[in-house]
Protein chains: 2
Amino acid sequence: MDTTQRTDQQRSADRRRRELLEAADRVVLRDGPQASMNAIAAEAGITKPILYRHFGDKGGLYAALAKRHTDALLDSLRAALDAPADRRERVEATLDTYLAAIEARPQVYRFLMHPAEGSQVGDQGFDVGKHSAPLLRRMGEELAQVIEDRLDLGPGSQQLARVWGHGIVGMMHAAGDWWLGERPCSRAELVRSLADLLWGRLAAAGDKVGGPGF
Amino acid sequence: MDTTQRTDQQRSADRRRRELLEAADRVVLRDGPQASMNAIAAEAGITKPILYRHFGDKGGLYAALAKRHTDALLDSLRAALDAPADRRERVEATLDTYLAAIEARPQVYRFLMHPAEGSQVGDQGFDVGKHSAPLLRRMGEELAQVIEDRLDLGPGSQQLARVWGHGIVGMMHAAGDWWLGERPCSRAELVRSLADLLWGRLAAAGDKVGGPGF
DNA sequence: ACTTGCGTGTTACTAGCGGTAACACGAGTG
DNA sequence: CACTCGTGTTACCGCTAGTAACACGCAAGT
């Protein structure tokens, strides 16, 4: 009841929670996102109700799990975005950081973005649809803030920055997802191609064959 | 055994299949993607095993359901992409077509892209993660083909076109998703902002405040 | 020392899901 | 009349998320 005791208990609970999260991480990374609560509990050496006491429901556990990876990724992206270099270099560094992250830990990435990847039957996997969006949204909003803070876009800059933030994040995400699956080129080439796209090479390219408006 | 009879039966089966798909469509659009096979069967006025005989499993039914909407969307996108106009106009028309589609039928869109949106408990919803990707991939590949066919990109054009195809589709998708949720601006403004981004306005913008490399 | 409370853990259960086996009716065919 | 074959059903399995109810241990209060 007194404060010190409460603190002790709280600490112990926090440690337990961390242990449970680490166990969940192992299972999810091994079995994919359709890992059952039973399996996670077993990995942690305890039984289901304890998991539910700590995380409420499966969504809660997933959210806690996702937050760890999400925060880590966002931290490294912020670092790349804040590096002292010119704009194109920073953009390329940020793209490369993101791609390096998903390349280094594809299981984590697939867990965050592609929930029911390995599922085939019952499929009560995590409903990541609900939770992967937040990651993309957070990245979009953060990028929008950076754009608005640092670029002079004239009137309507806030709205423009937000559109661009979400659009660029989506571009990075989709291209990265495709690249991770097919590996059609090196990471550096992908980064360069995307930066070229953002730098207007699409508009600047010439037409290939003659045609009316073409 | 004879051909006419087989044809009759096949026709009847196809009609039945269409009816079932329409019933499934109604249920999914009403109950969200976590609609149960039982509910779909009930809406169609039959029982589960018939559904399974027609579609194999839940994924099969979803795939058939998704294919209808996906094909329709891709058709209208192709039309916009092929319109006789200059490049920027075509890009804007395509973006606008996509956004108009998701704006007009947001339930369909959310079903295709955000599987477990309304789920809260058991959540054995469709695993759209597995099936939404194909839509984005198809759009990316088609766009890549168009880009490669019509633009003169110099050496490495095929790879560049594919990166751009998937990247642009991802940009459109993410921006559209965000826009559909928050409606921060009109559709036309969004289209214009995205086209501006593709036209290199990000690179062309000036810095806002003085700084070393900034 | 005895009881009271509380945190931690368990077993045993419910409700609902996807999916399937086994059976039943109806129509055309030898 | 028997025989198949398509269409439909009921009744079940195994699995899941999530929950009640009970049991141990340990510190505090009297």
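Naming: A, B, ... by sequence-line order, numbering from 1 per chain.
With sequence neighbours excluded, the residues forming a side chain to side chain contact (heavy atoms under 4.5 Å, CB included) with Asp25(B) are Leu29(B), Leu65(B), Arg68(B), His69(B), listed by chain and number. In this structure, the side chain to side chain contact (heavy atoms under 4.5 Å, CB included) partners of Glu103(A), at least two apart in sequence or on a different chain, are Trp179(A), Arg183(A), Arg187(A). Applying the side chain to side chain contact (heavy atoms under 4.5 Å, CB included) test to Val169(B) and every residue at least two apart in sequence or in another chain returns Leu136(B), Met139(B), Leu143(B). Residues passing the side chain to side chain contact (heavy atoms under 4.5 Å, CB included) test with Asp71(B) are Lys67(B), Arg138(B), sequence neighbours excluded. With sequence neighbours excluded, the residues satisfying side chain to side chain donor-acceptor pair (under 3.5 Å) with Asp196(A) are Arg88(A), Arg201(A).
In this structure, Gln34(A) atom CD and dT16(D) atom C1' are separated by 12 Å, rounded to whole Å. Atom pair Tyr62(A):OH and dA17(D):P shows a separation of 15 Å (rounding to whole Å applied). Atom CG in Leu51(A) sits about 14 Å away from atom P in dT8(C), given to the nearest Å. Lys58(B) has its NZ atom 14 Å from the P atom of dT20(C), to the nearest Å. We find that CZ of Arg15(B) is positioned 12 Å from P of dT7(D), with the value rounded to whole Å. A straight line from CD of Glu19(B) to C1' of dT7(D) spans 14 Å, rounded to a whole angstrom. Nucleotide dC17(C) holds its P atom 15 Å from the CG atom of Leu61(B), rounded to whole Å.
Checking dG9(C), dG8(D), dA17(D) against every side-chain atom of Met37(A), the shortest atom distance belongs to dA17(D). Comparing dT19(D), dG19(C), dG18(C) by their closest approach to the side chain of Tyr52(A) singles out dT19(D).
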When you compare the protein's N or O atoms with those of nucleotides 9-14 of chain D, which come within less than 3.5 Å of each other, and at what distance?
unit_1 : atom_1 : unit_2   : atom_2 : d
dT9(D) : OP2    : Thr47(B) : N      : 3.0
dT9(D) : OP2    : Thr47(B) : OG1    : 2.3

Next item on the list: Please test Glu19(B) against Arg16(B) for salt bridge (charged side-chain N to carboxylate O under 4.0 Å, His left out), starting from the C-alpha separation and ending with a verdict.
Entry: CA-CA 5 Å; Glu19(B) 291 172 12; Arg16(B) 204 86 180 99; 2.8 Å; yes
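Within the 4.5 Å cutoff, side-chain heavy atoms of Leu198(A) are placed close to those of Met171(A).
Sorted by first and then second residue, the salt bridge (Lys or Arg N to Asp or Glu O under 4.0 Å) pairs involving residues 164-173 of chain A (not counting sequence neighbours) form an empty list.
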Please tabulate, for the side chains in residues 41-56 of chain A, all donor-acceptor contacts under 3.5 angstrom to protein atoms that are two or more places apart in sequence or on a different chain.
unit_1   : atom_1 : unit_2   : atom_2 : d
Glu43(A) : OE1    : Arg30(A) : NH2    : 3.1
Glu43(A) : OE2    : Arg26(A) : NE     : 2.7
Glu43(A) : OE2    : Arg26(A) : NH2    : 3.2

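Axis angle across the helix from dA1(C)-dT30(D) to dG30(C)-dC1(D), with five pairs used at each end and values rounded to 10°: 30°.
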